[in-house]
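Input: a single structure, listed below in structure tokens.
Here is how names work: the chains are called A, B, and so on, in the same order as the sequence lines, proteins then strands, and each is numbered from 1.
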Amino acid sequence: MGFFKEFPLETQRITMPEDSNGDATPRRQLESGITLLKRYLIQDVIGVGGMGSVYRARDLHFPNVVKLVAVKEMINTAPDPLIRQTIVQNFEREANLLATLNHHSIPRIYDYFTEENRSYLVIEYIHGKDLEAIISGNDGFLTEEQVLTWGIELCEVLSFLHNHKPDPIIFRDMKPSNVMIDHNGEVKLVDFGIAKTFQFGQKGTMIGTEGYSPPEQYRGEATPLADLYALGATLHHALSRRDPRMEPPFSFEERPIRKINPGVTAEVDAVVTRSLQYNPEDRFQTAAEMKDALLAAAHKTGILSKVTTTISQANGIKPLWKFKCEDEIRSTPLYYQNTLFTGCYDNNLYAINAGNGEFLWKYPSEGGIVSKPVAFDDNIYFGSEDHRLHVVGARSGKVVWTYYTNGPVRSSVRIAEGHAFLGSDDKYLHAVNLNSGRAAWKFETSDPIRSTPFVANELVYVGNEIGDFLTIDFRGELKWRFRAKRAITSSPVIDKQLVLFSSLDGTLYALDHRNGFVVWRFRLGKGSISSPCVVDDIVFVGAADGFIYAVEARTSKELWRFRTDHQVTSSPAVYKDSLYCGSVDGYLYCLEYRTGRLRWKFGTEGQIIGSPLVYDDIVYVGSTDNQVYALLA
Amino acid sequence: MEFFRKLFGGQVVKEVDTATTAPLTDQQIQSILHGTKAQFDLQQLVAASGQSVGKQRELNEDSLLALTATLAGNSGSLPFGIYIVADGMGGHQFGEVASNVAIRIVAGHIIRKFQSYLFSIKPSPPDESLQEIMQTAVRDAQKIIQTEAPSSGTTLTAALVLGQQVTIAHVGDSRAYHIYPDGRVEVVTRDHSLVKRLEELGHISPAEAENYPHRNVLYRALGQGEILEADVFTVSFPQAGYLMLCSDGLWGVVADQDMLKIIREAPSLQRACQNLVEAANTAGGPDNISVIIAQMIG
């Protein structure tokens, strides 16, 4: 075959500085229209694996009906002819064995053959989706009932394989992508260990599918108990939506299912946990035993007969006080010297006694107030849709000075270095000298600025409504610029090296604060105007898809997401070990910030658009039901 | 002074006067001078590397790549560097091909993404994030290794330095370190080895880990598995310190504190690399040795 001579050339070819492997003809996929053995007409590629592709083909032996088959291709890339031959022999031996298996959860094997360096397996075509696609295609959790049903069927088919005579058959590769759910909702186990013969691993570098395999399989032992561990891992993935391939091996204990998905019953959790024990002797000893345990859990909790109940949080939480304004509250309150300040759509800034909710004073502007007030030197600063920045005495409620822009002010004020920085719908970023009440400079952008500027490193960071993110130095000169695909209404925050903000383009961005390079991007389900908050290297943000997200700042990995029933425009606030965030569904949510688990939620009579504020164990939040609430945190 | 006298009764000052310190070696003085003199206007990245087949292997299955660029002008300077160490495995099954593919494909991918930023008249930053670029680079390398050197695998520790940030893509048990002059030696990557995992879980003790029979078993390697999840993360460049990448041929045989000592005492980065390789060989050189050290000056 001349492989030994050819190989050095191969080596040289790759050392050339080019990445195109388009000329690697031996790996090319079959094109549709090609017929194999004059019988199988290739229609389409339905999957690609490490060994080759899987095709949908029509069996031409049945001219009057369209009989579809799946053709799995395995390309023999072993350079050594002897090894190549052994591989083909192993393949044929296993194919013969599999062809004798008769079980409703195992697809039929119709045929196999080898052409040049490719071997093919012709299998029953399954109309359906694999479990991995089902898990990732679903925004929320699969129902426990559903997963349990599949788990029981998988136990049955594993039991069938493990009891095969004369020798038990070990599946070796149990994982969601090898479980198909057909159009009747029935489970099919696909991709038998047969493909494994094509991976002639040496030195035991890697064995099995990382993440789903038990410890002993990494040492090269494939046993029935290893299949059961992998089934447990599969169920864990299906119930928790946490892909074990993204986590270190044997770390399921660190991700208890019920912490991630409180909807799962303790009984089912216990069965999965037992199947994932580190020591084989602590697990179920047979598939039948595991099936019985799953059945028992199902009966005990009654989940097989009725639909799972969703979290029904008794709304037992009573506010410490509430205060009613004359119109909607869309902004975030401020706590300053035992006083709560909140802007309102009735044009007023209210000062309320933070201890008992008593009215202290109100100050009328001439437009709605959606910005968050800021305190500095006993004065309260806030913008209003009347185009002005208002500065009001914190005790007196009397105006100290005002500053005019040429458009409604929806951005909140940032005070730093003797200046107030704020954006306006007049498209300018304003730097206002606190002593004179006059503009030190104005920086013109192309669109309204509703994002609140962030000031650090002698730079001002802000986004605008076209999606520009700008960094301006204290002289009012542009330092660097970045463009998102849609508006940046969210307010940036800087944590260590990163400046973080979300955009209506559905992305949470992390940029190098020095030069604007995108360090990472995290995809949100929908656009976002919620401002991120960072605690313990975790970034929290809400989005219009109704989720509150927690993302690791270093790696941009999602830690958890929590679903509310409407858009989340509110920005999360973290206090002690809880995260507080409002949703347009009207609730204020209190979550455990490390896990995203719901602690409690409190319903208002309107929508929560602004953000909660937590101070001294009390959380304050406004709602479009015109009220501000004070709750025990 | 009045204040101190009140506090210490005037005695302490005398004691300090009489105290003596051990004389510094020439090398220490050199390195101190080296550190304090470096008041460059131009901030720049410098790097050196070292490699050896070791004393017990015939083949060198390690590959390394170090690329350092400085572009400075009116708009300031932006240090840019790509540093990669890959340790191939698979014996006659082309471990060296895998590691070679890994370094070239990954670096090539990064360079192409930065082509416009580095070399065009109107520079534009890449469309993708730094972490996405590293992810796709690893994915590319994974694909190509699977076709070009099937059944082999390689570790990969790749660092992209841009400004003050280091974005790292990591698979396997090569390592990236932050080494500080104050004596801190921090491993910033996490070994994807079975033995490390078992140690993390407390199933075996560090002492048992030393003699564990499956020390060479990785649970993640480039070229292996369908889904490859590389660790990709961004950290700050170690201020006043060193970024070091190396294969297990170095860290497996030379203790952290010895590495620190060698780096501290070497008159230059190049010599530090040479001496590290030598130390590994003196300790038996059981495996291929690769090391890259980078430092930010200015």
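Under the 3.5 Å distance criterion, the side-chain polar atoms of A:R514 are left unmatched by any main-chain donor or acceptor of B:G163. The backbone N or O of B:L228 lies less than 3.5 Å from no partner atom in the side chain of A:R245, so there is not a single donor-acceptor pair. Here the side chain of B:Q131 pairs a donor or acceptor atom with the backbone of A:R554 at under 3.5 angstrom.
Residue contact with chain B, scored on non-hydrogen atoms closer than 4.5 Å, is absent for A:Y509. At a 4.5 Å heavy-atom cutoff, the contact between A:F517 and chain B is made by side-chain atoms alone. Proximity to chain B is limited to the side chain of A:K557, based on heavy atoms less than 4.5 angstrom apart. Proximity to chain B is limited to the side chain of A:E254, based on heavy atoms less than 4.5 angstrom apart. Residue A:E132 touches chain B through its side chain alone, counting heavy-atom pairs closer than 4.5 Å. With a 4.5 Å cut-off on non-hydrogen atoms, A:N515 touches chain B through its side chain but not through its backbone.
Between B:Y219 and A:P248, some side-chain heavy-atom pair lies under the 4.5 Å cut-off. No side-chain heavy atom of B:R197 sits under 4.5 Å from any side-chain heavy atom of A:P215.
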Could you walk me through whether B:E132 and A:W520 pass the side chain to side chain contact (heavy atoms under 4.5 Å, CB included) test, one step at a time?
-> CA-CA 7 Å; B:E132 284 165 323; A:W520 53 258; over 6 Å; no

Start with the C-alpha gap between B:E128 and A:V518, add the side-chain angles, then the distance that decides, and say whether side chain to side chain contact (heavy atoms under 4.5 Å, CB included) holds.
-> CA-CA 7 Å; B:E128 293 148 76; A:V518 185; over 6 Å; no

Evaluate side chain to side chain contact (heavy atoms under 4.5 Å, CB included) for A:F250 paired with B:L198, printing each intermediate quantity in order.
-> CA-CA 9 Å; A:F250 333 129; B:L198 295 177; 4.2 Å; yes

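For the atom pair CG (A:D512) and CG (B:L78), the distance works out to 8.5 Å, reported to the nearest 0.5 Å. Here A:Q497 contributes atom CD and B:S236 contributes atom OG; the two are 3.0 Å apart, rounded to the nearest 0.5 Å.
Your options are B:R190, B:Q135, B:H203, and the one with the most heavy-atom pairs under 4.5 Å with chain A is B:H203.
The shortest non-hydrogen separation linking A:V519 to B:Q165 is CG2-NE2, 3.8 Å.
Other residues, nucleotides and ligands place no more than 12 heavy atoms under 6.0 Å from the CG atom of B:D127. Residue-environment remark: CD (B:E186) exceeds the threshold of 12 foreign heavy atoms within 6.0 Å.
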